[in-house]
Structure formats: C-alpha cells, structure tokens
Amino acid sequence: MTAMAGTGIKDATAIVGIGQTAFAKHLPQDEKTLACRAVLAALDDAGIAPGEVDGLASYTMEETDEVELAKAVGFGDLTFFSKAGYGGGGSCATVAHLAAAIACGQATVGVAWRSRKRGSGPRPWTDTAVQLPTPAQWTRPFGLLRPADEIAMLTRRYLHEYGATRDHLFNVALACRNRANQNPAAVMYERPLTREMYMTSRWISEPLCLFDNCLETDGALACVVVGRERARDCRHRPVYVHSAAQGLPAQHHGMVNYWNDDPLTGPAWTAARHLWKHADLTPDDVDVAQIYDAFTALIPLSLEGYGFCGRGEGGAFTEQGALEIGGRLPLNTSGGGLSEAYVHGFNLITEGVKQLRGTSTAQVPGAATCLVTAGEGVPTSALLLRN
C-alpha cells in the first residue's frame with residue numbers, strides 16, 4: 001500500500017522539466033532525432049540525468065518507439081511505458097499515465113514526448129491503399145476525407161443551432177495569433193492577423209476557412225514528471241498535476257459523433273466530469289487555459305464542455321476580448337496549434353508549465369492554475385495544473 005492510497009494522483013506528481021525543438025514547416029532532422037533533442041532538453045531543464053528515467057509515455061501515432069529512444073538517449077531500466085491513442089486526444093493522457101504510474105510506485109522519473117514531421121511529411125488520410133477503419137467507412141466514401149471536413153459538419157450544426165457566427169471563430173483565431181505574435185518560437189511570430197484577412201481567406205471546408213485550421217508543423221516536445229518529494233529538489237518551481245482525466249462518451253463516433261443523442265456534446269463533457277470530480281478547484285478558479293485548437297470551432301465546444309459557460313454560449317463567451325490577456329479566460333498563450341505549432345497539442349502542455357512558472361512570452365499575471373485539454377471531437381484527455 002502506497003502513501004497515495006485513497007487520494008489518487010492529486011498533487012502527488014509534478015512536471016519539472018520541459019523541452020522543445022524549433023518549429024517550422026520543414027526541419028531537416030528526422031523524427032527520432034527531434035524526439036531525442038526534445039527529451040534531452042527537458043531532462044536538462046529538470047536537472048535529471050537520462051539514466052534516472054524509468055517511465056515513458058507517448059502517443060500511439062508516435063513513430064519513435066521506446067526501445068530506440070531509450071538506447072539513443074541513454075535511459076536506465078524502464079519499469080513503465082505506455083501510449084495513448086486518438087491523435088491529439090492523447091496529449092494530456094501521456095502526462096496522466098505517468099502521474100498515475102509514479103503515484104502508485106511503478107516509476108520514479110517519467111518522460112512524455114511527441115515528435116512529428118507533419119509539415120514536411122504525408123497526411124494520414126492520403127494513403128488510399130490501406131483499408132478504411134470501420135468508423136471511416138461511414139464518412140470517407142461520402143466526402144468527409146479529412147478531419148477538417150468532419151469538424152466542418154459539427155461547426156455548421158453549432159452555428160445553426162446556437163446562432164454563433166464566423167466572427168466568434170475569428171475571435172479565437174485572433175487571440176491565438178496575438179499570442180503567437182509575442183512568441184519568437186511561434187511559426188506565426190511576425191505575421192499578424194486581421195479580420196479582413198480572415199473573412200476573405202479561402203475555404204478549407206466550409207464554414208472553416210484557412211485561419212480556422214491549425215498549422216502543419218515539424219517539431220518535437222517533451223516533459224519530465226516526478227513525485228512530489230523529488231520535485232522540490234529540481235531546478236525549477238514544480239508544476240503539480242492536480243487532476244487528470246480521459247474521456248470517451250458512450251456511442252462515440254469519430255469527430256462527427258453520428259450516434260450520440262447530441263453530436264455537440266463531445267468527449268470534453270465526459271473528461272470534464274471526471275476532471276472536476278477529482279479536483280479541489282472549479283472552472284472559476286482557472287487563471288489561464290490551453291485548449292486544444294486544431295480548429296477554431298473546438299474552442300466554443302470545449303468552453304461549454306469544461307464548464308466555463310452554458311450550452312450554446314461558447315460563441316458569445318469569446319466576445320469583448322474574453323480570450324485575450326486580461327480577459328475572462330486568457331487562452332493558448334503561446335499561440336496554440338493555430339499559430340505557434342501543431343504538434344498534436346503537446347505545446348499546450350509545455351505552455352501551461354511556462355505560465356505557472358511565470359516564464360511565458362505572454363504571461364498572465366499571478367497565474368496559479370491552468371487547464372490543458374486535448375483534442376475535442378475524438379476520445380480526449382485533460383490536465384488541471386497548479387503551482
């Protein structure tokens with residue numbers, strides 16, 4: 001029986017190191033090299049030697065496997081390793097898996113990472129030689145070829161049912177771009193966005209235009225998770241994993257949610273119930289949020305799912321600068337997937353850590369709590385971080 005029995009993972013572990021490579025449309029290094037560089041940077045940030053690592057977590061879509069990473073970086077014996085599925089839905093789950101493993105004694109030093117060459121590499125849905133998985137057989141033959149097409153359907157329904165407008169989606173895109181304009185590491189660092197640019201841009205999948213879609217990026221990120229006691233001896237102020245959750249609602253179907261009673265009540269709602277149930281905090285206590293933004297429309301859906309506003313109020317929530325620094329809920333303060341980099345949401349985790357360390361390029365004054373979410377529309381995960 002461990003000391004954590006009966007208390008779960010609440011504040012039992014902390015993120016103590018973060019690392020990343022450059023972000024770009026094209027980087028010359030392969031994914032394994034990028035992964036190694038991000039992991040080594042995170043361990044150096046924590047002040048922990050590679051040989052002390054005994055736990056790993058990543059995505060099922062990660063091409064660099066545990067064996068190759070362990071050999072290349074020089075890890076010790078591994079006693080825990082896991083992978084979370086569903087693309088961007090697995091981002092926060094990687095940290096949650098490590099937190100659970102460390103809290104129950106299966107590991108002592110965990111590393112989570114994601115390395116991608118999506119900017120210069122192929123798109124997963126372009127391989128027509130592979131037999132379609134069962135869910136895709138209900139979408140791809142009828143023209144929903146890409147994630148953008150599937151989310152466009154949900155977006156159209158959301159706009160129709162609740163009276164939200166493209167101006168609300170623009171508010172999301174603008175807030176993310178404004179933060180990227182403060183972040184030298186962001187792909188869109190020196191590229192401001194205006195309403196005219198947004199409204200006149202080409203359609204990707206109506207009603208989603210160019211600026212409603214995330215970037216295609218090469219890059220890698222990593223973070224280091226240890227137990228509470230160890231965290232106090234690391235180089236930086238610990239960022240505690242206060243609560244964590246995964247969410248897969250009953251009768252869920254890909255991004256279109258065909259079989260749910262309400263397609264607009266997505267996995268965020270399931271994850272949120274578990275997240276808040278095991279937290280001492282509420283949405284009102286969240287100082288800053290890093291909400292998964294592969295598409296702008298996921299933000300109002302997530303704002304509702306995680307309890308920041310009521311059903312159908314996500315669009316209106318974005319008004320009057322609510323998502324900007326100084327607003328009701330400062331959002332995606334590195335630029336997010338829309339304007340910093342799209343690396344399956346892992347940059348939202350590292351940005352959450354920076355906010356609670358006080359080192360963000362768009363720092364929210366006095367930030368003490370941060371919600372980080374993974375992809376809405378697919379089986380998802382979330383973290384509630386505190387300092």
Side-chain angles (χ1 to χ4, degrees), residues 9 12-21 27 29-118 121-122 124 217-227 230-231 234 241 244 246 342-350 353 372 374-375 378-381 383:
I9 65 170
T13 64
I15 300 173
V16 295
I18 54 175
Q20 68 186 53
T21 67
L27 295 175
Q29 300 86 2
D30 60 25
E31 288 184 347
K32 176 182 171 181
T33 300
L34 294 172
C36 291
R37 290 182 178 181
V39 168
L40 287 170
L43 287 166
D44 182 67
D45 186 57
I48 294 176
E52 294 187 68
V53 175
D54 56 6
L56 294 177
S58 191
Y59 302 56
T60 57
M61 295 180 73
E62 174 63 42
E63 295 293 330
T64 303
D65 67 31
E66 299 93 344
V67 176
E68 292 303 310
L69 185 69
K71 288 190 295 186
V73 177
F75 295 152
D77 292 343
L78 296 179
T79 57
F80 176 85
F81 36 94
S82 74
K83 290 189 175 183
Y86 305 101
S91 59
C92 294
T94 64
V95 174
H97 289 188
L98 291 177
I102 292 168
C104 72
Q106 293 297 106
T108 58
V109 177
V111 169
W113 84 97
R114 182 69 171 112
S115 176
R116 298 183 91 214
K117 294 200 71 173
R118 178 71 170 266
T217 314
D218 288 3
L221 304 102
C223 70
V224 180
V225 182
V226 299
R230 176 68 183 274
C234 293
V241 180
Q246 290 182 267
Y342 182 66
V343 194
H344 261 158
F346 210 101
N347 52 323
L348 300 177
I349 300 172
T350 55
V353 173
V372 185
V378 295
T380 193
S381 52
L383 296 170

Distance-minimising heavy-atom pair for [X] and [Y]:
X: Thr60; Y: Gly85; result: OG1-CA, 3.3 Å
X: Gly17; Y: Asp45; result: CA-OD2, 3.4 Å
X: Leu98; Y: Gly55; result: CD2-C, 3.9 Å
X: Thr64; Y: Ala35; result: OG1-CB, 4.1 Å
X: Ala222; Y: Thr350; result: O-CG2, 4.0 Å

Backbone N or O of [Y] within a donor-acceptor pair of the [X] side chain at under 3.5 Å?
X: Asp54; Y: Thr108; value: yes
X: Thr21; Y: Ala220; value: yes
X: Ser381; Y: Ala93; value: yes
X: Ser115; Y: Lys32; value: no
X: Gln246; Y: Pro379; value: no
X: Lys83; Y: Gly90; value: no
X: Thr380; Y: Gly375; value: yes

>> Can you classify the ring geometry of Tyr59 versus Phe346 as parallel (below 30°), tilted (30 to 60°) or perpendicular (above 60°)?
In response: tilted
> Should Val225 and Val95 be marked as a side chain to side chain contact (heavy atoms under 4.5 Å, CB included) after you check the CA-CA gap, both sets of side-chain angles, and the distance that decides it?
Replying inline: CA-CA 7 Å; Val225 182; Val95 174; 4.2 Å; yes
Nearest 0.5 Å, what's the [atom1]-[atom2] distance between [X] and [Y]?
X: Lys71; Y: Asp65; atom1: NZ; atom2: CG; value: 8.0 Å
X: Glu66; Y: Ser82; atom1: CD; atom2: OG; value: 8.0 Å
X: Arg37; Y: Gln20; atom1: CZ; atom2: CD; value: 14.0 Å
X: Ile349; Y: Arg114; atom1: CD1; atom2: CZ; value: 12.0 Å
X: Glu31; Y: Gln29; atom1: CD; atom2: CD; value: 12.0 Å

> Quick check: are there more than 12 heavy atoms from other residues, nucleotides or ligands sitting under 6.0 Å from OH of Tyr86?
Replying inline: no
> Is the number of heavy atoms from other residues, nucleotides or ligands under 6.0 Å of Phe75 CZ greater than 12?
Replying inline: yes
> Do we see a donor-acceptor contact under 3.5 Å between the side chains of Asp30 and Thr33?
Replying inline: yes
> Considering only heavy atoms from C-beta outward, does the side chain of Leu56 approach that of Trp113 to under 4.5 Å?
Replying inline: yes
> With a 4.5 Å limit on heavy-atom distance, are the side chains of Val226 and Ile48 in contact?
Replying inline: yes
> Checking side chain to side chain donor-acceptor pair (under 3.5 Å) for the pair Gln106/His97: CA distance, chi angles, key distance, verdict?
Replying inline: CA-CA 11 Å; Gln106 293 297 106; His97 289 188; over 6 Å; no
> Does the side chain to side chain contact (heavy atoms under 4.5 Å, CB included) test come out yes or no for Val111 and Leu43, once each step is laid out?
Replying inline: CA-CA 8 Å; Val111 169; Leu43 287 166; 4.1 Å; yes
>> Would Thr217 and Arg118 count as a side chain to side chain contact (heavy atoms under 4.5 Å, CB included) here? Give the steps.
In response: CA-CA 5 Å; Thr217 314; Arg118 178 71 170 266; 5.9 Å; no
> Do Arg230 and Val109 pass the side chain to side chain contact (heavy atoms under 4.5 Å, CB included) test, and can you show the C-alpha distance, the side-chain angles, and the key distance before you say yes or no?
Replying inline: CA-CA 9 Å; Arg230 176 68 183 274; Val109 177; 3.8 Å; yes
